[in-house]
Structures are given as structure tokens and as C-alpha cells.
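Everything on this sheet refers to the single structure shown next.
Heads up: numbering here begins at 1 and tracks the sequence.
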Amino acid sequence: MKTTSPAGTAAHPAATAALIVLLGALTAIGPASIDMYLPSLPSIGKDLGAATRDVQLTLAVYFIGLALGQLLYGPISDRLGRKKPMLVGLGLFTLASFGCAFAPNIWALVAFRFLQAMGGCAAMVIARAVVRDVFPVQDAARVFSLMTLVMGVAPILAPMAGAGLLAFFGWQAIFVALAAFGAIALLAAAGGLPETRPAATRPSNAATSLGDDLRHLLKDRHFLGFTLAGSMANAGMFAYISGSPFVLIELHQVSASAYSWIFGVNALGLIAASQINGWLLKSRPPRGLLRLTMLAPAVFGLALAGAVGSGFGGLWGLLLPLFGYVASLGFVMPNATATALEPHGRRAGFASAVMGSLQFGLAAVASAMIGRLHDGSALPLALVMATCGTVAFLAHRFLAEPKLRTP
């Protein structure tokens, strides 16, 4: 895998591997902050005397914080460098996590969750920008696949760890553990993250450059198409994250422990698909692989809607399409991300911010729709996921690749 150091010289393979592991771990902070407390949602509602819709708001507001925060950190990292904004964000995440642990009511928890997201999103947006700084597009797609392997451990271990902490210490212990994770990540980034945005490459006129960058991105149909396609597919997964605790734990009487195992199996599917994607990238370009796999989220989303609407298959009629949808993102997300960022090296931070903001803005909408459409059945989850997968396919087919041909 080709890579260069920030100074432009060839980087040692061991240093490259260490950087990928660090970036994957930093990127996992955002998902871990969601996945780890999912088994505790019913307990939080009972303990704080909050309705189901109000508890689900702690998810929706987290997505909003991720969307808004990335628009802040991306441009700042283009102008001030990658490392300092990363450290500031991790510090905020750590403090806000402690605030969540000691929240006296649901609305305080909602506020601290927003601040937690505003801090944690720095790791996500800046990690993508660092990959674009250091790797060419073919290798960048492989790096994103490898990062999925690292960050994919979070959806496997986090719900299990959350269920264990919930059982023995209560839901507050989950946020204490997240604060500890943030503090460790802060120390690791301070000691191991290189500055990949040298001062010589930063714009001298920030205001003019920001306006130019925004106009350039908005005019780039391919960037918008690949970003929207990936973001809509990703929003379907967050609809699953938001809606599955109710559908599986309350509606189908799955225990919190069993739920964590189901969540982990789906994450394993995502990891396996991302690693197969990385292997295929040795002989195929990311754009070509995306053409072959972009239909999958739509197919599995529609299959889920059909199973729920007809009652076919019972619990397994839900679990199999959910697994297929989540696993398909192991192909879609690395290739869509690398392809969208490829032409935007000079504005990688801002492009990554726009991409991340759209991803989690749509995730917030999908999560909110799950709560808004809540009717005591699995139908809202199925309809939202089917819509997300279908719109993702259409965005790729008619906006990113209007002259699509089979590679």
C-alpha cells in the first residue's frame, strides 16, 4: 500500500499500520457512543421517568451534534492543521460523557449528549481528512476498509459491554466508561497522531477559501451524488440503530444480552464485507465496486418492508434482511467515501465535513422518523430503512453515475 509521510517521504509500513489502527480507533468513538448505551434505553426511560419518544431524542440529538460539529471541525482543520482540533474535540467529548453520567433528568441528558457529539465528531471528520492527506484513492478505499475492521469492533463489543455495565452498575456506568475511552483516545492522539496538514498547504485567506470551497463542492455533481448515496445508505443503518431496541427487545421480547449478540453478528457482517471489499480493491477500482454493490441496501430494505408487512418469517424475517442491509455497507461506505473525496485533496477537511454532516444529518432525520412514526409495530423501522436504501440507489444511479455502465 502506497503512502507518504507528512513531509512527503515514504512512510515505514509499521508506522502506516499504527496510523490506520489509531485512525480506526478514533473513528470508533462516535459509533461506540451510540452502540454502547443502546441496551440501556428502556432503563434510562424508567429511571428518569421519560417517555419512549423522549429517550429516543437522546439518539436524534446526538446525530444532530455530529452533523453540526463536523461542519465546524472540517474547515478549522484545513486552516489550523489536523491535530489541535482533534485534541480539543476529544477533550470536550470526555467532559460531556461525565456530564451524561450524572444527568438528573432526560433533558439534561439530551443536552450533554449534544455536547458529547460535538466533541466526538472531531475524531470522525479529521480521521477521514488524514486518510485523504496521506493516501491515493485506490489505497484510501482500502484504508477505509481496514479502518472499518478496527472501528467495527465497537458495534460488537460496545453493546455487550453496555449490557454488562447496565446489569451490574446501572446505565450511568456506561457514560463513565465512555469518558475513560475519550481520555485514552486523547492521550493516544496527542502522542501518536502526526500533523498531515503542513502550514505551507493551508489557505492564507480563510473566508475567501471557505466560500470558494463551498461553491466548488456544490457544483461537483459527482461529489454530491456519491456523498448522498453513501449518506442515505448510512442513514438506513442508523434507523436500525434507533429502532431495533424497541422492535427486538420490547416487541419480540429479546433480552438485552441477546440483543447485544444480534447487534454484534450484524457488525461482523459489516466487518467481513469491508475486508472482502479491501481484497477486491487490489484488482478493481472503488468506483467499479460501488456500481456492483449499490443496489444491495435497496434490495434488503425492501425485503425487510415486505417481511414486516406480510408477517413472513416472524423474527427471522426481520433478522436476515437487517443483517444483509448492514453487511452491504461494508462495500458501499468505503468506496463511496474514497470516490467522493478523490478530487478534493486541497479541501479534504471541508469535503469530509460536508460528507459527515450530510451523513449524520440524514441519520438524525431517519432516527427522528422512527420516533415520529412509532405505532407499536416494526413497520416504521422497515419503511424508513427501505426508503433510505432505495433513495441511496437512485442518488448513485441518476446523480453520481448518470451514464452508468457495468464495469
(message) I'd like to know if the side chain of Thr339 pairs up with that of Arg287 as donor and acceptor (distance under 3.5 Å, no hydrogens or angles considered).
(response) no
(message) Does Arg113 qualify as a cation-pi partner of Phe175, given the criterion of NZ or CZ under 6.0 Å from the six-membered ring centre and within 45 degrees of its axis?
(response) no
(request) Can you measure from CG (Leu66) to CZ (Phe114) and round to the nearest 0.5 angstrom? (result) 9.5 Å
(request) Indicate the atoms forming the closest heavy-atom contact of Ala189 with Leu87, along with that distance. (result) CB-CD2, 3.8 Å
(message) Within the 4.5 Å heavy-atom criterion, are Tyr240 and Phe263 side-chain neighbours or not?
(response) yes
(message) Assess the residue pair Asn234 and Phe238 against the criterion (side-chain contact (heavy atoms from CB on, under 4.5 Å)); give the C-alpha distance rounded to whole Å, side-chain angles, the decisive distance to 0.1 Å, and a yes or no.
(response) CA-CA 7 Å; Asn234 188 63; Phe238 281 97; 3.2 Å; yes
(request) Please tell me if the side chains of Ile106 and Leu57 come closer than 4.5 Å, counting only heavy atoms from C-beta onward. (result) no
(message) Quick check on Arg372: does its CZ atom have over 12 non-hydrogen neighbours (other residues, nucleotides or ligands) under 6.0 Å away?
(response) no
(message) For Val110 and Asp54: C-alpha separation, side-chain torsions, deciding distance, then whether side-chain contact (heavy atoms from CB on, under 4.5 Å) applies.
(response) CA-CA 9 Å; Val110 167; Asp54 293 336; over 6 Å; no
(message) Quick check: closest heavy atoms across Pro42 and Glu250, and the distance to 0.1 Å?
(response) CG-OE2, 4.0 Å
(request) Determine yes or no for a side-chain-to-main-chain donor-acceptor pair under 3.5 angstrom, with Ser40 supplying the side chain and Ser43 the backbone. (result) no
(request) Determine the minimum heavy-atom distance between Leu329 and Ala233, stating which atoms define it. (result) CD2-CB, 3.6 Å
(message) With no hydrogens and no angle check, just 3.5 Å: does a side-chain donor-acceptor pair link Asn266 and Tyr325?
(response) no
(message) Between Leu165 and Gln172, is there a side-chain heavy-atom distance shorter than 4.5 Å?
(response) no
(request) Please name all residues satisfying ring pair (Phe, Tyr, Trp, His ring centres under 6.0 Å) with Phe181, sequence neighbours left out, ordered by chain then number. (result) none
(request) Side-chain contact test, heavy atoms from C-beta onward, threshold under 4.5 Å: evaluate it for Leu289 versus Phe331 and give yes or no. (result) no
(message) Rounded at 0.5 Å granularity, tell me how far CG in Leu358 sits from CD in Gln70.
(response) 10.5 Å
(message) When you measure from the side chain of Lys83 to the backbone of Pro194, do you find a donor-acceptor pair of N or O atoms at a distance under 3.5 Å?
(response) no
(request) Could you check whether the rings of His396 and Phe226 sit parallel, tilted or perpendicular, using 30° and 60° as the cut-offs? (result) tilted
(message) Set out, in order, the CA-CA distance, both residues' side-chain angles and the distance that settles side-chain contact (heavy atoms from CB on, under 4.5 Å) for Ile370 and Phe246, then state yes or no.
(response) CA-CA 10 Å; Ile370 294 294; Phe246 168 78; over 6 Å; no
Can you give each donor-acceptor pair under 3.5 Å made by side-chain atoms of residues 380-391, sequence neighbours left out, with the distance rounded to 0.1 Å?
unit_1: Thr387; atom_1: OG1; unit_2: Leu383; atom_2: O; d: 2.8
unit_1: Thr390; atom_1: OG1; unit_2: Ala386; atom_2: O; d: 2.8

(request) Taking the side chain as every heavy atom from C-beta outward, state whether Leu318 and His252 have any pair of such atoms under 4.5 Å apart. (result) yes
(request) Could you grab the distance from atom CE of Met124 to atom CE of Met86, nearest 0.5 Å is fine? (result) 11.0 Å
(request) Answer whether the closest heavy-atom distance between the side chains of Cys121 and Val125 falls below 4.5 Å. (result) no
(message) Would the distance check show the side chain of Arg82 and the main-chain N or O of Ile126 forming a donor-acceptor pair, the cut-off being under 3.5 Å?
(response) no
(message) Testing the basics here: between Tyr73 and Met118, what is the closest heavy-atom pair and its distance to 0.1 Å?
(response) CE1-O, 2.9 Å
(request) Can you measure from CG (Leu224) to CE (Met355) and round to the nearest 0.5 angstrom? (result) 10.0 Å
(request) Grab the two heavy atoms, one from Pro245 and one from Leu41, that are nearest each other, plus how far apart they are. (result) CG-CD1, 4.0 Å
Distance-only criterion, 3.5 Å: show the donor-acceptor pairs between side-chain atoms of residues 90-104 and protein atoms not counting sequence neighbours.
unit_1: Thr94; atom_1: OG1; unit_2: Leu90; atom_2: O; d: 2.9
unit_1: Thr94; atom_1: OG1; unit_2: Ala183; atom_2: N; d: 3.3
unit_1: Ser97; atom_1: OG; unit_2: Phe93; atom_2: O; d: 2.8
unit_1: Ser97; atom_1: OG; unit_2: Gln116; atom_2: NE2; d: 2.9

(message) Restricting to non-hydrogen atoms, name the atom on Ala340 and the atom on Phe223 that form the minimum distance, rounded to 0.1 Å.
(response) O-CD1, 3.3 Å
(message) Under the criterion side-chain contact (heavy atoms from CB on, under 4.5 Å), I'd like the reasoning laid out for Thr293 against Asn277: C-alpha separation, chi angles, the key distance, then a yes or no.
(response) CA-CA 10 Å; Thr293 56; Asn277 182 68; over 6 Å; no
(request) Evaluate the side-chain proximity of Val308 to Leu304: yes if any heavy-atom separation is below 4.5 Å, no if none is. (result) yes
(message) With rounding to the nearest 0.5 angstrom, report the OH to CG distance, Tyr37 to Leu178.
(response) 10.5 Å
(request) Report yes if some heavy atom in the side chain of Leu23 is under 4.5 Å from a heavy atom in the side chain of Val131; otherwise report no. (result) yes
(message) Please report the interatomic distance CG(Leu193) to CG(Leu26), rounded to the nearest 0.5 Å.
(response) 7.0 Å
(request) Report yes or no: does Thr337 contribute a side-chain atom to a donor-acceptor pair with the main-chain N or O of Pro334 at less than 3.5 Å? (result) no
